[in-house]
K.L.:
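Structure in structure tokens, see below.
All heavy atoms count here, side chains included; hydrogens, waters and symmetry mates do not. None of the values given here were measured: they were computed from a predicted structure. Each chain gets a letter, A, B and so on, in the order its sequence line appears, and its residues count up from 1.
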There are 2 protein chains.
Amino acid sequence: MSGLRIKYLKPALVAEHLARADALCAATGARLTPLRRRVLELVVRSGRPVGAYELLDQMRACGHKGAPPTVYRALDFLQQQGLVHRIAMANAYVACSHPGCDHHALIFVCTECGNALELEETQVKASVAARAEAVGFRVPGQPIEVAGTCPLCQEGRP
Amino acid sequence: MSGLRIKYLKPALVAEHLARADALCAATGARLTPLRRRVLELVVRSGRPVGAYELLDQMRACGHKGAPPTVYRALDFLQQQGLVHRIAMANAYVACSHPGCDHHALIFVCTECGNALELEETQVKASVAARAEAVGFRVPGQPIEVAGTCPLCQEGRP
DNA sequence: AAACGAAATGTTATATTATAACGTTTTCAC
DNA sequence: GTGAAAACGTTATAATATAACATTTCGTTT
């Protein structure tokens, strides 16, 4: 991960994302508390996978006195609600781009810049499911991470 | 990960695996030193994904005075040679089941027992490649991790 | 064989990521 | 209001991984 292109989402898109989260949680009875909502907002605003301690620093920069468990608990909740995905290969967390739907099957992660692209997808999902069935594995609908190089980083731009 | 079934490979299979590694490294000029070979042997013998510190403990149990970098460097080398895969979701390392071929495309990882199953695969690989091309991502041939539950763990056996 | 440079290994310290454990506060149902 | 459960605060620590630099080994050249 060399040049970490910063990529903040437009405020309007952030607001829209949060509103959708509000609606989803209201529908399921899950409690999107101010703290959890704040963490989600930070993840959404980043527009890319961010580390837990990065989020913690941002919380602190905004005056919040928090420790790691604060962030990790919020992230756990957000993952359970399908609002955030954990990218294992990057030890990072990214906002789900289609919360509410469970079409999300594929996340391309750029090993150069750290950005990620989540796709709605059926073909890969289907072929994985077929293969899983063949060997007796049961696979839940979690997104699949694929490492690669994004278009921008392929052009030599760091 | 509840019941961690122990699953040691038969000595004959371990020897065969190591011999193949010897041959591959001899062919490419890579130096499979005693230390690296020892680490590979431990990974192969485990027959499942193992943590770096687990390997370190085994090294120490056999009288080797080593520190983390020792194991991590050996693992880095083995990964470069395609002899070992890192399972990011488990922070663990597993022997490649088809070293030398690059058919490996898919690794099912059981979140219950921690075992993994590596498959030679073309369908998933092809659909991922198609999707990657559509969005401009370049994806190297690294195996794809898929979390799930293995047949044994589905039967209630921990 | 001696000397050199590069690769590998040893060693110490520390960074990074994540969770355990327990106390306090808030929230909600009754 | 009261009690139980959920959420949050706080401290400490576990688990994973790497930085930095010294030493040794190895292959090559002289």
Side-chain angles (χ1 to χ4, degrees), chain A residues 1-2 4 21 25-26 28-40 42-43 46 49-60 62-81 83-94 109 111 114 145, chain B residues 1-2 4 21 25-26 28-40 42-43 46 49-60 62-81 83-94 109 111 114 145:
Chain A
M1 204 178 302
S2 52
L4 247 259
C25 288
T28 63
R31 292 174 54 191
L32 187 58
T33 63
L35 180 63
R36 291 164 171 171
R37 199 172 189 277
R38 184 84 184 100
V39 171
L40 176 60
L42 291 175
V43 176
S46 298
V50 284
Y53 279 76
E54 201 174 338
L55 293 169
L56 186 55
D57 287 345
Q58 293 181 30
M59 300 276 285
R60 283 170 171 161
C62 297
H64 187 280
K65 282 195 50 171
T70 303
V71 169
Y72 280 104
R73 282 192 287 231
L75 288 171
D76 283 346
F77 169 86
L78 296 170
Q79 284 179 262
Q80 280 167 20
Q81 305 308 314
L83 297 169
V84 158
H85 299 302
R86 176 166 195 271
I87 314 278
M89 83 173 71
N91 292 327
Y93 305 82
V94 68
V109 182
T111 52
E145 305 171 19
Chain B
M1 206 178 299
S2 52
L4 248 259
C25 288
T28 63
R31 292 174 54 191
L32 187 58
T33 63
L35 180 64
R36 290 163 171 173
R37 199 172 189 277
R38 183 85 184 99
V39 171
L40 175 59
L42 291 174
V43 176
S46 297
V50 284
Y53 279 76
E54 200 175 340
L55 293 169
L56 186 55
D57 287 344
Q58 293 180 31
M59 300 277 284
R60 283 170 171 162
C62 299
H64 187 280
K65 281 195 53 168
T70 303
V71 169
Y72 280 104
R73 282 192 288 231
L75 288 171
D76 283 347
F77 169 85
L78 295 170
Q79 283 179 262
Q80 280 168 22
Q81 305 308 316
L83 298 169
V84 158
H85 299 301
R86 177 167 196 269
I87 313 278
M89 81 173 73
N91 292 327
Y93 304 83
V94 68
V109 182
T111 52
E145 306 171 19

K.L.:
OH of Y72(A) to CG of L55(A): how many Å apart, nearest 0.5 Å?
P.N.:
9.5 Å
K.L.:
Looking at T70(B) and G66(B), what are the two nearest heavy atoms and their distance?
P.N.:
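Scanning both residues, the minimum pair turns out to be OG1-CA, 4.1 Å.
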K.L.:
Determine the minimum heavy-atom distance between L75(B) and A52(B), stating which atoms define it.
P.N.:
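The answer is CD1-CB, 4.1 Å.
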K.L.:
Looking only at side-chain N and O atoms, does N91(A) come under 4.0 Å of OP1 or OP2 in dA18(C)?
P.N.:
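For dA18(C), OP1 or OP2 has a side-chain N or O of N91(A) closer than 4.0 Å.
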K.L.:
What pair of heavy atoms forms the shortest contact from V43(B) to Y93(B), and how long is it?
P.N.:
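Smallest interatomic distance, heavy atoms only, reads CG1-O, 4.0 Å.
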K.L.:
Locate the shortest heavy-atom distance separating M89(B) from A88(A); write the atom from each residue and the value.
P.N.:
CA-CB, 3.7 Å
K.L.:
Measure from CG on L78(B) to P on dA8(C) and round the result to the nearest Å.
P.N.:
12 Å
K.L.:
In whole Å, I'd like the distance from the OH atom of Y93(B) to the P atom of dA15(D).
P.N.:
16 Å
K.L.:
Any idea which heavy atoms bring V39(B) and A74(B) closest together, and the distance?
P.N.:
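Of all heavy-atom pairs spanning V39(B) and A74(B), the closest is CG2-CB, 3.7 Å.
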K.L.:
Return the value, rounded to whole Å, for the distance between atom CD of Q79(B) and atom P of dA17(D).
P.N.:
10 Å
K.L.:
Let me have a per-nucleotide readout for nucleotides 9-15 of chain C, 5' to 3', with B, S or -, counting only protein heavy atoms under 4.0 Å.
P.N.:
BBBB---
K.L.:
Applying side chain to side chain contact (heavy atoms under 4.5 Å, CB included), can you list everything that pairs with R73(A), at least two apart in sequence or on another chain?
P.N.:
P69(A)
K.L.:
Would you sketch DNA chain C in dot-bracket for me? Only Watson-Crick or G-U wobble pairs with both distances under 3.5 Å count, crossing pairs as [ ], other-strand pairs as |, the rest as dots.
P.N.:
||||||||||||||||||||||||||||||
K.L.:
Check the phosphate of dT18(D) against Y72(B), side-chain N and O only, distance under 4.0 Å to OP1 or OP2. Yes or no?
P.N.:
no
K.L.:
Please list, for nucleotides 27-30 of chain C, all pairs of protein and nucleotide N/O atoms separated by less than 3.5 Å.
P.N.:
none

K.L.:
Can you run down the salt bridge (charged side-chain N to carboxylate O under 4.0 Å, His left out) pairs that involve residues 28-37 of chain A, sequence neighbours left out, and say none if there aren't any?
P.N.:
D22(A)-R37(A)
K.L.:
Rounded to whole angstrom units, what separation is found between the CD atom of E54(B) and the P atom of dA14(D)?
P.N.:
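In whole Å, dA14(D) P and E54(B) CD are 18 Å from each other.
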K.L.:
Partners of R86(A) by salt bridge (Lys or Arg N to Asp or Glu O under 4.0 Å), sequence neighbours excluded?
P.N.:
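Applying salt bridge (Lys or Arg N to Asp or Glu O under 4.0 Å) to R86(A) gives none.
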K.L.:
Just the rounded figure in Å: distance from C1' of dC8(D) to CG of L56(A).
P.N.:
14 Å
K.L.:
A30(A): which residues meet the side chain to side chain contact (heavy atoms under 4.5 Å, CB included) condition with it, sequence neighbours left out?
P.N.:
C25(A), T28(A), F77(A), Q81(A)
K.L.:
Round to a whole Å and report the spacing from CG of L55(B) to P of dT16(D).
P.N.:
11 Å
K.L.:
How long is the line joining CG of D57(B) and C1' of dT16(D), in whole Å?
P.N.:
13 Å
K.L.:
Could you grab the distance from atom CG of L78(A) to atom CD of Q80(A), nearest 0.5 Å is fine?
P.N.:
9.5 Å
K.L.:
Do you know which two heavy atoms are closest between L40(A) and A21(A), and how far apart they sit?
P.N.:
CD2-CB, 3.5 Å
K.L.:
Could you go over nucleotides 3-5 of chain D and give all protein N or O partners under 3.5 Å, atom names and distances?
P.N.:
none

K.L.:
Starting at the 5' end of DNA chain C, which residue's closest nucleotide do you reach first, F77(B) or R86(A)?
P.N.:
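Upstream on the strand: F77(B).
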K.L.:
In whole angstrom, what separates Q80(B)'s CD from dA8(C)'s C1'?
P.N.:
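Going from CD in Q80(B) over to C1' in dA8(C) covers 13 Å.
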K.L.:
I'd like to check L42(B) versus E54(B) (side-chain heavy atoms, cut-off strictly below 4.5 Å). Are they in contact?
P.N.:
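When only atoms from C-beta onward are counted, E54(B) and L42(B) do not touch, as no gap falls below 4.5 Å.
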K.L.:
Apply side chain to side chain contact (heavy atoms under 4.5 Å, CB included) to A92(B) and list each qualifying residue two or more places apart in sequence or on a separate chain.
P.N.:
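For A92(B), the residues satisfying side chain to side chain contact (heavy atoms under 4.5 Å, CB included) (neighbours in sequence not counted) are P49(B), A90(B).
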